[in-house]
Amino acid sequence: MWIRNVDLKRMRDSTGFDGISPLGLTIINNKWWRGPVDTWVISPEFEAIGHISVNDYLGNNRREDGTLESENYFLFLTDSLAGKFPGFGNTILTPEQPSQRILDVFRTPEYGHQEYTVVVIDTTAFDNGGTLTLDIELGHEKAHGGFHLLGADHKLTYDPDRKRPEPVMLSESHDIGWYSPCEIGQMTHRFDRGRVFKLVAWGAFNDRGSINAFYAKVSVKLAEIK
């Protein structure tokens, strides 16, 4: 799907958020605005699973790495369907670089739907598994944060009546963290083989539009080979 950013702005300004379809809301709620025309891959559940600027992938000229733009576009589609979330700034951990730091923000919903901040964590380089650890620290703003460590194939859902994620999201989380402003916490998960995870953050227990930042150190400790 190709979407012009100016078309989304006109749609939002003319109908308001309540008048926009779930498909339009999915696109608007994501914060990656990279060019005049964006390319999206969106699941049947209206979850964005891939996003790039189309200008980076059109044409037949070879790129600096020697590949054709059309070839990279095909890889983008393949990675999207494989649950690798291309274009989302994935955090890739390897045995050579087992730790990275992340700084991002989350907010409580303003328009009757949940806004999630998703951090994609790729541990596929750890063939023999390991322990994934997330050391999380919240900023000083008033929003409390709910954090869920999920598999990449999990479909994000929301209960609009109770204003919280649906129970399936809670039950399928590998670990869950609830943190207050300025609080420090830790989440862990032992995995047998490398895979892609999603760290999902959302504003909890606050007024609409409340926002806060979070800092996370994401690391993997190699599993001991017996």
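Quick caveat, the model's predicted, so the values are computed rather than measured.
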Shared hydrophobic cluster, [X] / [Y] (ILVMFWY, side-chain heavy atoms < 4.5 Å):
X: Leu199; Y: Val118; answer: no
X: Phe126; Y: Leu134; answer: yes
X: Val200; Y: Phe147; answer: no
X: Leu149; Y: Tyr116; answer: no

Legend entry - Least distance between heavy atoms, Ala216 atom then Ile136 atom: CB-CG1, 4.1 Å
Legend entry - Minimal non-hydrogen separation, Ile42 against Ile49, with atom names: N-CG1, 4.4 Å
With a 4.5 Å limit on heavy-atom distance, are the side chains of [X] and [Y] in contact?
X: Phe106; Y: Trp202; answer: no
X: Phe74; Y: Asp79; answer: no
X: Asn90; Y: Ile121; answer: no
X: Leu222; Y: Asn128; answer: no

Of all residues at least two apart in sequence or in a different chain, which pass the side-chain hydrogen bond (donor to acceptor under 3.5 Å, both in side chains) check with [X]?
X: Asp122; result: Thr124
X: Glu172; result: His154
X: Ser173; result: His148

Inset, instruction - Look up atom NE2 in His144 and atom CG in Asn212, then write down how far apart they are to the nearest 0.5 Å. - result: 9.5 Å
Legend entry - Straight-line distance of Leu138 CG to Tyr179 OH, nearest 0.5 Å: 9.0 Å
Legend entry - Shared-cluster residues of Tyr215, by chain and number - hydrophobic side chains joined below 4.5 Å: Leu103
Inset, instruction - Using the test side chain to side chain contact (heavy atoms under 4.5 Å, CB included), find all partners of Thr91 that sit at least two apart in sequence or belong to another chain. - result: Leu93, Gln100, Ile102, Val119
Can you give each donor-acceptor pair under 3.5 Å made by side-chain atoms of residues 181-197, sequence neighbours left out, with the distance rounded to 0.1 Å?
residue, atom, partner, partner atom, Å
Glu183, OE1, Ser180, N, 2.7
Gln186, NE2, Asp135, OD1, 2.6
Arg190, NH1, Gly130, O, 3.3

Legend entry - Stepwise side-chain contact (heavy atoms from CB on, under 4.5 Å) test for Glu141 and Ser210: CA-CA 8 Å; Glu141 299 296 333; Ser210 298; over 6 Å; no
